[in-house]
2 protein chains.
Amino acid sequence: MVSSRDVAKHAGVSQSTVSRVLNDPSKVNDQIVKKVQEAIKALNYRPNSVARSLVSNRTRTIALISGPLHNPFFVETTTSIVNYAESKGYRTMVFFENTGENKPIYEEVLSERVDGILLSSIFRDDPIFDDLQNLDIPVIMYNRRHNKGGNFVEIDNMQSGRLAASHLLGLGHQHICVVGGPDHTSTFYGRKQGFLEEYKTLTGTEVPPSFIKDTNTTEGAVHESIVEVMSCTPPPSAIFAATDAIAIYVMDKLQQMGFHVPEDVSVCGMDNVTLAKHQSFQLTSIGHKGPKNLGLISAEYLIEMMENPSEQQVQITLEPVLYDRKTTKS
Amino acid sequence: MVSSRDVAKHAGVSQSTVSRVLNDPSKVNDQIVKKVQEAIKALNYRPNSVARSLVSNRTRTIALISGPLHNPFFVETTTSIVNYAESKGYRTMVFFENTGENKPIYEEVLSERVDGILLSSIFRDDPIFDDLQNLDIPVIMYNRRHNKGGNFVEIDNMQSGRLAASHLLGLGHQHICVVGGPDHTSTFYGRKQGFLEEYKTLTGTEVPPSFIKDTNTTEGAVHESIVEVMSCTPPPSAIFAATDAIAIYVMDKLQQMGFHVPEDVSVCGMDNVTLAKHQSFQLTSIGHKGPKNLGLISAEYLIEMMENPSEQQVQITLEPVLYDRKTTKS
DNA sequence: CCTTTCTGTGAATACGTATTCAAAGGGAAC
DNA sequence: GTTCCCTTTGAATACGTATTCACAGAAAGG
C-alpha cells in the first residue's frame with residue numbers, strides 16, 4: 001500500500017508537505033503542489049483513513065442500530081439515515097436489532113470508534129442506556145425511547161392510542177381489539193395505554209382482556225392472535241394494530257379467514273408508512289404531520305450535535321394525526 | 001479516553017503486557033492477568049479499534065453498496081448480508097446506489113479501509129470496474145454483473161427470460177408485454193433478451209416494439225408504461241415484469257385501471273421475493289432454487305475470501321426456476 | 001546594511017495498539 | 001556448578017497521518 005511517504009519521496013519533498021497539500025494546499029508553493037499532485041496520481045495514492053482517524057480522533061462514521069427491515073417503517077428510516085449521512089460526508093455502520101439479545105451488537109458498537117449513534121432498539125428500561133450515556137459521543141434514540149429520557153425523537157404514542165380509540169369508537173364500533181407488542185417497548189406500551197385510557201373515558205367500560213393482544217410482532221404471532229380474537233363471540237368489528245407492519249399481517253389473516261376489510265372488520269394501523277398509502281392497502285393509519293420520517297429527523301440532529309458539540313438535549317415528541325383512508329368504516 | 005497505557009500504569013505493568021492480556025492471556029502470568037483485567041474494569045477501558053486497525057491493517061469491516069430498499073429484493077439481501085457479517089464478527093458499512101451518479105459513493109468506499117466489498121450497483125460496462133479490480137481486497141458483485149466478469153453471484157438471466165416466455169406462451173397468451181429496466185444493467189438486459197429470443201423461437205415472430213418497455217424502475221415510470229401498453233389494440237393479456245418490484249407496481253396500476261389479475265391480465269415477476277409469496281400477492285415469479293438469497297451467498301464467499309486469501313475467482317450463475325402461483329393463468 | 005516579519009519547508013513527534021527484541025529469572029539436564 | 005532452554009516481562013518500534021516546532025530564506029521597513 002502506497003503511503004504519503006512514498007508520495008513524498010516520488011515528489012522529492014517531505015511527508016509533511018504531502019500532508020499539507022492534501023489538507024490545505026494554500027500553505028504550499030504552487031509549483032510543489034503540482035508536483036505532489038502528480039506524484040499522487042502517478043502512484044494512485046489514497047490517504048489511509050484509519051491513520052487519519054487515529055490522529056484526528058474522528059471516524060466520520062455513525063452507527064445505526066435499526067429495527068428489522070421486514071417492518072417497512074425501518075426501511076424508510078434506514079434509507080433516509082444512510083443517504084442523509086452520506087450527503088453530509090458520513091458513512092453509516094448498520095446493525096439490525098435481534099429479537100433476543102442485543103448485547104453483542106452493543107458491545108461491537110461501543111468498542112467501535114464512531115462519531116455518533118442512532119438507535120431504535122432501546123427498551124423502556126434497557127440497562128444499556130447508562131453505557132450509552134457515558135460515551136462522550138452523541139446518541140439519539142428514534143421511534144422508541146427510554147424511561148430515563150436521554151436524546152430521543154418520537155411520536156406521542158399515548159396520544160396516538162387515544163386518536164385510534166376515538167376514531168374507531170366514533171365510527172360506532174362496540175367491540176374493538178388492540179394488537180400490539182411487548183410492553184417493554186415504549187411505542188407499544190404508549191399506544192396501548194393511550195388506547196385503553198381513551199376507550200374507558202369514552203365508553204365508561206374497560207376493553208376486555210381477550211381483546212388486548214400483545215404479540216412479538218412476527219407474522220406468525222399476529223396471525224395466531226387474530227385467529228383467537230375472531231373466534232370470540234362476538235368478534236371485534238374493528239382492530240387497532242399498533243404498527244402498520246402488524247396491520248398488514250392482520251389484514252392478510254382476516255382476508256385469508258374470509259373476512260373483508262373494512263366491510264366486516266375495520267383496521268387502523270400506525271406509523272403511516274409509505275406502503276400504507278399504497279393502492280393495494282389504502283390503510284388508515286396514524287402518523288405525524290411532517291414530510292421527514294423520525295429516522296431522518298434524528299439523523300439531522302445527530303450530525304448537528306456531532307459538528308457543534310454542546311450540552312444541549314434533543315427531546316422531541318411529535319403530534320400525531322390520523323390519516324383516514326379505506327380500511328376503516330362505520 | 002483511557003488507553004492501554006493508562007491501564008498499564010494502573011495495574012503496575014507495561015503496555016505490552018496489557019496488550020498481551022487482551023490478545024493472548026496464556027502468555028501472561030495468571031496473577032498479572034487478573035490484575036490487568038481488574039484495571040480494565042476499574043477504568044472502563046475499551047481497546048481503540050482504530051489503532052488496532054492501523055497496526056493490523058484490517059478493519060473487520062465490509063462495504064455494501066446496495067440497490068434501493070424500496071425494492072424488496074434488496075431488503076432481503078441487505079438484511080442477510082448485515083446479519084451474516086455480524087455473526088462472523090464483521091461490521092457492514094452500507095451505501096445505497098444513486099439513480100444518477102455513484103461516483104461519490106465509490107470514491108468514499110475506495111478511500112475507506114475496508115476488508116471487502118459487496119455491490120449490486122455495477123453496470124455492464126461500468127468504468128469503476130477496473131478501479132475495483134485493482135484493489136487488493138476481495139470484491140464480489142451480486143445480482144448484477146459486469147461484462148468483463150470479475151467475481152459475481154447471479155441468476156441466469158437469459159434463461160430466466162426464456163422461462164417467462166415459455167410459461168406465458170404455454171398458457172396460450174398471444175400478446176405479451178415485457179416491462180424491464182435500463183439495458184446497461186445485466187439483469188434487465190439478460191431477462192429481456194432471453195424473453196425476446198424464446199418468444200421468437202416459439203412463435204416465429206418478434207415481440208412488437210410497443211410491447212417492450214424499458215423503464216427506470218420507478219413507480220411512476222412503470223405506471224406510465226402500463227397506461228401506454230394497455231391502450232394498445234389489442235392490449236397484452238400477459239405481462240412479464242423483470243423484477244417483482246416492477247410486478248407489484250404493474251399489478252397496482254392494472255387494478256387501479258380496473259383490470260383484474262389474472263383474469264384480464266396475467267403477470268409474471270422475477271426474483272421470487274418473500275413478499276411475492278405473500279397472501280395479498282401470490283405472485284408467479286422466477287427465482288433460483290436454494291434457500292439463500294444472492295446477497296447471502298456472496299457474503300459467504302466474500303468472508304471466505306477475506307479469511308483465506310487466494311487467487312480463486314467466484315463466478316456463480318444459478319439456474320432459474322419458475323414458481324407458479326396465482327397471478328398467471330391461461 | 002541591519003533588523004524584523006513572513007512564508008515555506010523538513011524534522012520530529014503524537015495518536016494507541018501489536019509485535020519484535022532483548023533480558024532476566026528459573027528450572028532442568030548434565 | 002555449569003550450560004541450556006523456557007517462560008515471562010518491559011523497552012523499543014512500526015503502522016500512516018496531522019501537527020508542532022525550528023529553521024532558512026526572502027521580503028519589508030528603517
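Reminder, nothing fancy here: chain letters follow the sequence lines and each chain counts from 1. Because the structure is predicted, anything quoted here is derived from the model rather than measured.
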Sequence neighbours excluded - side-chain hydrogen bond (donor to acceptor under 3.5 Å, both in side chains) pairs with any residue from [range]:
range	answer
residues 84-97 of chain A	R58(A)-Y90(A), Y90(A)-E307(A), R91(A)-E108(B), R91(A)-E112(B), E97(A)-R144(A)
residues 130-140 of chain A	D130(A)-K148(A)
residues 28-39 of chain B	none

Between the side chains of [X] and [Y], is a donor N or O closer than 3.5 angstrom to an acceptor N or O?
X	Y	answer
T77(A)	S80(A)	no
S14(A)	T17(A)	yes
Y45(A)	S3(A)	no
D115(B)	T59(B)	yes

*Which residues, if any, of residues 17-31 of chain A bring a heavy atom under 4.0 Å of DNA chain C?*
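Only T17(A), R20(A), V28(A), N29(A) qualify.
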
*Considering only heavy atoms, which members of residues 34-45 of chain B lie under 4.0 Å from some atom of DNA chain C?*
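DNA chain C contact set from residues 34-45 of chain B: Y45(B).
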
Length of the [atom1]-[atom2] vector between [X] and [N], whole Å:
X	N	atom1	atom2	result
R5(B)	dC15(C)	CZ	P	9 Å
K9(B)	dG10(D)	NZ	P	14 Å
D6(A)	dA14(D)	CG	C1'	15 Å
R46(B)	dG16(C)	CZ	P	16 Å

Which listed nucleotide ([options]) is nearest to the side chain of [X]?
X	options	answer
S14(A)	dG16(D), dG10(C), dT17(D)	dG10(C)
R52(B)	dA18(D), dA11(D), dT17(C)	dT17(C)
Q15(A)	dA18(D), dA11(D), dT17(C)	dA18(D)
L54(B)	dT17(C), dC15(D), dT9(D)	dC15(D)
V55(A)	dG16(C), dG10(C), dC15(C)	dC15(C)

_ring pair (Phe, Tyr, Trp, His ring centres under 6.0 Å) involving F96(A) - partner list, sequence neighbours excluded_ = none

*Under the salt bridge (Lys or Arg N to Asp or Glu O under 4.0 Å) rule, collect the residues that match up with K292(B), sequence neighbours excluded.*
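Expected list: E300(B).
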
Side chain to side chain contact (heavy atoms under 4.5 Å, CB included) partners of [X], counting only residues at least two apart:
X	answer
N98(B)	N102(B), I105(B)
H288(B)	I155(B), L294(B), I297(B), L318(B)
N308(A)	E304(A)

*Rounded to 10°, tell me the angle between the two end axes of the helix from dC1(C)-dG30(D) to dC30(C)-dG1(D), each built from five pairs.*
50°

*Counting any heavy atom closer than 4.0 Å, what does V13(B) reach on the DNA or RNA strands: base, sugar-phosphate only, or nothing?*
sugar-phosphate

*P47(A) side chain reached by L22(A) side chain, heavy atoms, under 4.5 Å*: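 Yes, close enough: below the 4.5 Å cut-off.
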
*Are V114(A) and I62(A) side-chain neighbours, meaning at least one heavy-atom pair lies under 4.5 Å?*
no

_Polar pair under 3.5 Å, donor/acceptor by atom type, side chain S16(B), base dA11(D)_ = yes

_Please compare I32(B) and A51(B) by the position of their nearest nucleotide in DNA chain D and report the one closer to 5'._
I32(B)

Could you list, one pair per line, each protein nitrogen or oxygen that sits under 3.5 Å from a nitrogen or oxygen of nucleotides 24-26 of chain D, together with the distance?
none

